[in-house]
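Throughout, protein chains are lettered first and strands after them, A, B, ... in sequence-line order, and every chain is numbered starting at 1. Side chains are part of it too, since the values below use all heavy atoms of this structure and drop only hydrogens, waters and symmetry mates.
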2 protein chains.
Amino acid sequence: MTRSSRRSTSEDVARAAGVSRTTVSFVLNNRPGQSIPEETRQRVLEAARRLDYRPHASARTLAAGRSELVLLSIPDTRLGPGTSRFVEELTTALTEHGLTLVTHLAGAHGRLLPDVCATVNASAVVGLSPFDTETTEALYRAGAEVVLPLPDSRGDLGDAMESVGRLQAEYLISQGCRVLGYAMPVQPGLREMTEGRLAGVAGACATAGLAPPVVEEVGLEIADASRAVVRWRSSGVTGVCAYNDEFAIAVLAGLRDQGLGAPGDMAVIGVDDIPTARLAAPPLTTIRFDVHEAGRRRAEAIVAALAGRQHEQSPDAGGPQLVPRSSA
Amino acid sequence: MTRSSRRSTSEDVARAAGVSRTTVSFVLNNRPGQSIPEETRQRVLEAARRLDYRPHASARTLAAGRSELVLLSIPDTRLGPGTSRFVEELTTALTEHGLTLVTHLAGAHGRLLPDVCATVNASAVVGLSPFDTETTEALYRAGAEVVLPLPDSRGDLGDAMESVGRLQAEYLISQGCRVLGYAMPVQPGLREMTEGRLAGVAGACATAGLAPPVVEEVGLEIADASRAVVRWRSSGVTGVCAYNDEFAIAVLAGLRDQGLGAPGDMAVIGVDDIPTARLAAPPLTTIRFDVHEAGRRRAEAIVAALAGRQHEQSPDAGGPQLVPRSSA
DNA sequence: GCGCGTTACCAACGCGCGTTAGTAGACGCT
DNA sequence: AGCGTCTACTAACGCGCGTTGGTAACGCGC
């Protein structure tokens, strides 16, 4: 395990190529407006390759005054499968633009977001849901150039959430449900998303001339879900939109616990299309949205903002899709 | 959104406190062996607080020659719920030591690990399973001081995997199963973990004087699992250890598809205790391990290694635990 | 031969910080 | 008074890089 001396610097490359450090910098960042003959250029590139040279991020950041780090803040509430995949996509999409994603789990024990932003010196900070004004201010003060989504804008994610809820409800209604229920997580912290989705459901009900959905808080326990089912039944609910697949599966378990079945006694629809959704009894009807697409778009918004450009969101390409199975 | 001028530097603090930058540095890093009167010390701290000063990470890294960034490499294979939580724990544990975790999803499209290591200038690189010698070399060359786990050592995770498998098998055997099956994911990339766990299961069988487990590849599809169930039945298998809860739930679905049930026709046991495990039909017996503990221990190993100390692993505190429910 | 434009390059500054070497002043002892 | 020691600081260097403001060499027209 020869921990070989030290990494090579642009100085080393310059020496090896027989040019100055400046020239090396010009070549490697292929700076426009410089006249560098092909021969020299090749010599530098070759030397860099041979020495396995990689610019020192901190030095570059310090000199250039901006880093290529993007900080993603995720609420501490156990990140669900949907979020994981989104992070995954965002990471690769940003990588393609030369940016590196650092994810930070915001929570009680961890450091505060602006602190982290300052210590990693991120040039952009991204969240899943909009930051409040105070935090946004603090982030700018901590050195962030770009903060997304901003307090006012709901962010594409917010809108997406609403259309997800709408899609759920519309499908249940199309299947003949006249009274809908909504399975809402007991955990706080998901509120942002929850509210968006619930709003979508309520909207669809209103549009169809139905009463607003009967909201019940549900935990990921059979007993919990079972009680919720009882209450829904007594309210005449025949179709339930769940916050996500995990809660939908809980509702399914609750139904089983009551000796009932989906969709016969109550239709159930989730969100996310997690791997086990198709394995549920009965296989879960759900909403999938193209995280790949979402991650890519978010990444582009970040890149655009960093470049100072205004990024016009491409109009809802790759929106949420219904995945009909047997639970609704 | 007043993007207020610029972040304050130690120079600003020095000016505000009426001392030199050196003194500020001494105070804030409370460097030992310096005699700084309490009065001055307070003046500096107060000024720093008032100016909302936070040292510039890149500058500090550049000067000190080492960063406080730890890079975690995760295989591209969709990170399961277990991994997510581990990352979560590791993040908070490292944060407590003043280190920041950057997670990188290694995969086909992304940049290579040593590249990323160099660009974020990580001082430690951690993986879930040991890196090969070549990669390790490259990481050291990319500037990493600490690479963990090293090629030779299996790492605590490897050992943990084996004991997980053993625990699964021992429980099924204690429940009266004489021929065991193993549900192995079709995806490659999980191989490391899979093999560890399978080895544990095989070991337990051998110890009990039973034949080695009947391995079947399973995908997360009902049809797939159903076929595996048929094959296991024809091999006389009465208990199945699944790679993790998701695959266990698949097996459960496969049993249902064949009109069979657990544990009557075939006992099933998973790993991870994911949220939906208790919601499965029947509720899934599984193995939970204390990720909290694991993350903390890993973090301590990293910190110790960075400090140049040898870290003797505390002997398997917080090992895997059986969570008996009804599927086995 | 001189002036001018172009090409090919480089010295040197500064980013914000940690750190080393050193200094000015107070104090005690001979 | 002179010397040493301790306290309380500070000037200045260098980390590796991007970038500005040059300069030296060369060709070309007159």
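The NE2-P distance, from B:H56 to D:dC17, rounds to 16 Å in whole Å. At whole-Å resolution of the value, CG in B:L62 and C1' in D:dG18 are 13 Å apart. One interatomic measurement links the two molecules: CD of A:E11 to C1' of C:dA12, which rounds to 13 Å at whole-angstrom precision. A:L28 places its CG atom 16 Å from the C1' atom of C:dC9, with the value rounded to the nearest Å. The distance from atom CZ of A:R66 to atom P of D:dT19 is 11 Å, rounded to the nearest whole Å. Per the geometry, CG belonging to B:D12 stands 11 Å off P belonging to C:dC15, to the nearest Å. Here D:dT20 presents its P atom at 13 Å from CG of A:N29, a figure rounded to the nearest Å. Between the CZ atom of A:R7 and the C1' atom of D:dC17 there is a distance of 12 Å, rounded to whole Å.
B:R54 has a carboxylate O that lies under 4.0 Å from a charged side-chain N of B:D52, or vice versa, which qualifies the two as a salt bridge. A salt bridge links A:E46 with A:R49; the closest basic N to acidic carboxylate O contact falls under 4.0 Å.
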Under 4.0 Å protein heavy-atom contacts per nucleotide of nucleotides 8-13 of chain D, with B for base, S for backbone only and - for none: BBBBB-
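Applying the 4.0 Å criterion to OP1 and OP2 of C:dT20, one finds that B:R31 has a side-chain N or O inside that range. Proximity of B:T9 to the phosphate of C:dG16: no side-chain N or O atom is located under 4.0 Å from OP1 or OP2. The side chain of B:S25 places an N or O atom within less than 4.0 Å of a non-bridging phosphate oxygen (OP1 or OP2) of C:dG18.
For the residue pair B:R7 and A:G143, the shortest heavy atom distance occurs at CD-CA, 3.8 Å. Here the shortest heavy-atom pairing between B:A14 and B:R21 reads CB-N, 3.7 Å.
A donor atom on one side chain and an acceptor atom on the other are not found under 3.5 Å apart for A:N121 and A:S67.
A stem is defined here as three or more consecutive Watson-Crick or G-U pairs, each with both distances under 3.5 Å; for DNA chain D these stems are C:1-30 with D:1-30.
The OG1 atom of B:T61 lies 10.0 Å from the CG atom of A:L62; values are rounded to the nearest 0.5 Å. Taking CD of B:E89 as the start and CZ of B:R298 as the end, the distance is 14.0 Å to the nearest 0.5 Å. Of the inter-residue distances, the one linking A:R41 atom CZ with A:L28 atom CG reads 9.0 Å to the nearest 0.5 angstrom.
A:V24 pairs in a side-chain contact (heavy atoms from CB on, under 4.5 Å) with only one of the listed residues (A:T9, A:V44, A:N29), which is A:V44.
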